[in-house]
> 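Please find one structure pasted underneath; my questions will follow.
All residue numbers refer to positions in the sequence shown, counting from 1.
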Amino acid sequence: MKKAVIITAMLLGTGVAYAAPAPVEDIGGGSSEDRIARLERIIKARQQAEFETMRRMDTLQQEVLELRGLTEQQNYQINQMLQRQRQLYDEIANLQSKPAAPAVSQTPSNVVASSSLSETDSYQRAVDLVLKERQYDAAIPAFRDFIKQYPNSGFADNANYWLGQLLYNKNEFAEAKTAFANVVDNFKESGKRADSLVKLGLIAEKTGDKTAAKNYYQQVVKQYANSAAARIAQQQLAAIKP
């Protein structure tokens, strides 16, 4: 009898030992799900915060780019004004530094034979017609005579550019194109080459050849990056409709 009681007690204890772990496993499983849920909420919150931060950074970056573009445009306009002013001062200074011309120069400059002047005087005479006397029509043959007489002069690129600009202002695009093309083709190192390419692009636009205009502008952007001429070319490219 006593032995039966002991065996029964042992069996009951064994049953309890095997039955007890079940609730512990259920509780543990529930805790893991809670932790996973909390982690998911934390990750989602962080992702949302990062998305919001990136959105704000994108907005700020766009604002910075817009401000930078405005600043570059203003700097370009200022540089253009300063460049034009320096050019005028240089031309005037060169003219003022020359000695007085002989008595024959008392004849109006637009009728003085270019053959009677030196290379430098001939160029300065043509420039003087533009800057001082504002005789633009008379300046055109003066520059033509200079280019014909001194085709390899150190002033030849500037003379061709002046001639092209004067003709361009009169809408004589075919002759202006020849003058600008002369700068581009024959004076590779000229400071007027990039501007001449831009002018060739403008002439192409005005004469309805958008393909040629794009080619000229793209050449400026490629060969003279970060220059004032390149910025003008980029603006013109953006303005050309497909």
> Residues two or more places apart in sequence or in another chain: which of them pass side-chain contact (heavy atoms from CB on, under 4.5 Å) with Asn186?
Asn182
> Quick one: pull up CZ in Arg125 and OG in Ser118 and give me the separation to the nearest 0.5 Å.
12.0 Å
> For the hydrophobic clusters of this structure (ILVMFWY residues joined by side-chain heavy atoms under 4.5 Å, transitively), does one cluster hold both Leu197 and Phe173?
yes
> I need the minimum non-hydrogen distance between Gly201 and Ala213, along with the two atoms involved.
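The answer is O-CB, 3.4 Å.
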> Is it true that atom CG of Asn169 has more than 12 heavy atoms of other residues, nucleotides or ligands lying nearer than 6.0 Å?
yes
> Sequence neighbours left out, what passes side-chain contact (heavy atoms from CB on, under 4.5 Å) with Ile147? Give chain and number order.
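For Ile147 the side-chain contact (heavy atoms from CB on, under 4.5 Å) partners, ignoring immediate neighbours, are Ala159, Asn160, Leu163.
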> Testing Tyr216, Phe187, Tyr161 one by one against Phe180 for a ring pair (Phe, Tyr, Trp, His ring centres under 6.0 Å), which residue passes?
Tyr161
> I would like to know whether Gln47 and Ile43 meet side chain to side chain contact (heavy atoms under 4.5 Å, CB included); could you show each step before the answer?
CA-CA 6 Å; Gln47 289 176 339; Ile43 292 172; 3.8 Å; yes
> Would you say Ser122's side chain and Glu119's backbone share a donor-acceptor pair under 3.5 angstrom?
no
> Atom CD of Gln165 and atom OG of Ser196: how far apart are they, to the nearest 0.5 Å?
9.5 Å
> Looking only at heavy atoms, which two atoms of Tyr150 and Ala156 are closest? And how far apart?
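For Tyr150 versus Ala156, the nearest heavy atoms are O-CB, 4.0 Å.
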> List in chain and number order the residues that pass salt bridge (Lys or Arg N to Asp or Glu O under 4.0 Å) with Arg193, two or more places apart in sequence or in another chain; answer none if no residue qualifies.
none
> With a 3.5 Å distance limit and no angle check, can you tell me whether Thr53 reaches the backbone of Ala49 through a side-chain donor-acceptor pair?
yes
> Side chains of Glu205 and Lys210, heavy atoms from C-beta outward: is any pair under 4.5 Å?
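Side chain of Glu205 against side chain of Lys210, heavy atoms only: no contact under 4.5 Å found.
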> Just grab all the salt bridge (Lys or Arg N to Asp or Glu O under 4.0 Å) pairs involving residues 147-176, residues at least two apart or on different chains.
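As it turns out, the salt bridge (Lys or Arg N to Asp or Glu O under 4.0 Å) pairs with a partner in residues 147-176, which skip direct neighbours, are Asp137-Lys170, Arg144-Glu175, Lys170-Glu172.
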> Quick check for you: to the nearest 0.5 Å, what is the distance between Lys206 atom NZ and Asn171 atom CG?
7.0 Å
> Mind checking what makes side-chain contact (heavy atoms from CB on, under 4.5 Å) contact with Ala233, not counting sequence neighbours?
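Partners of Ala233 by the side-chain contact (heavy atoms from CB on, under 4.5 Å) criterion, ordered by chain and then number, come out as Tyr217, Val220, Val221.
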> To the nearest 0.5 Å, what is the distance between NZ (Lys214) and CD1 (Ile240)?
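Reported value, rounded in 0.5 Å steps: 6.0 Å.
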> Provide the closest heavy-atom pair for Ala229 versus Val198 in the form atom of the first, atom of the second, distance.
O-CG2, 3.7 Å
> Just how far is it from atom CZ of Arg134 to atom CG of Asp128, taken to the nearest 0.5 Å?
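One finds 10.0 Å between CZ of Arg134 and CG of Asp128.
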> Which pair of non-hydrogen atoms, one from Val127 and one from Phe143, has the smallest distance, and what is that distance?
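Heavy atoms of Val127 and Phe143 come nearest at N-CZ, 3.9 Å.
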> Please identify which of these residues, Val183, Val184, Asn215, meets the side-chain contact (heavy atoms from CB on, under 4.5 Å) condition with Leu200.
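Exactly one pass, corresponding to Val184.
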> Only counting residues at least two apart or in another chain, list the ones meeting side-chain hydrogen bond (donor to acceptor under 3.5 Å, both in side chains) with Asp185.
none
> Nearest heavy-atom pair of Val130 and Trp162: which atoms, and what distance?
CG1-CZ3, 3.3 Å
> Check Lys188 against Tyr224 and note the closest heavy-atom contact, atom names and distance.
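Closest approach of Lys188 to Tyr224: O-OH, 4.2 Å.
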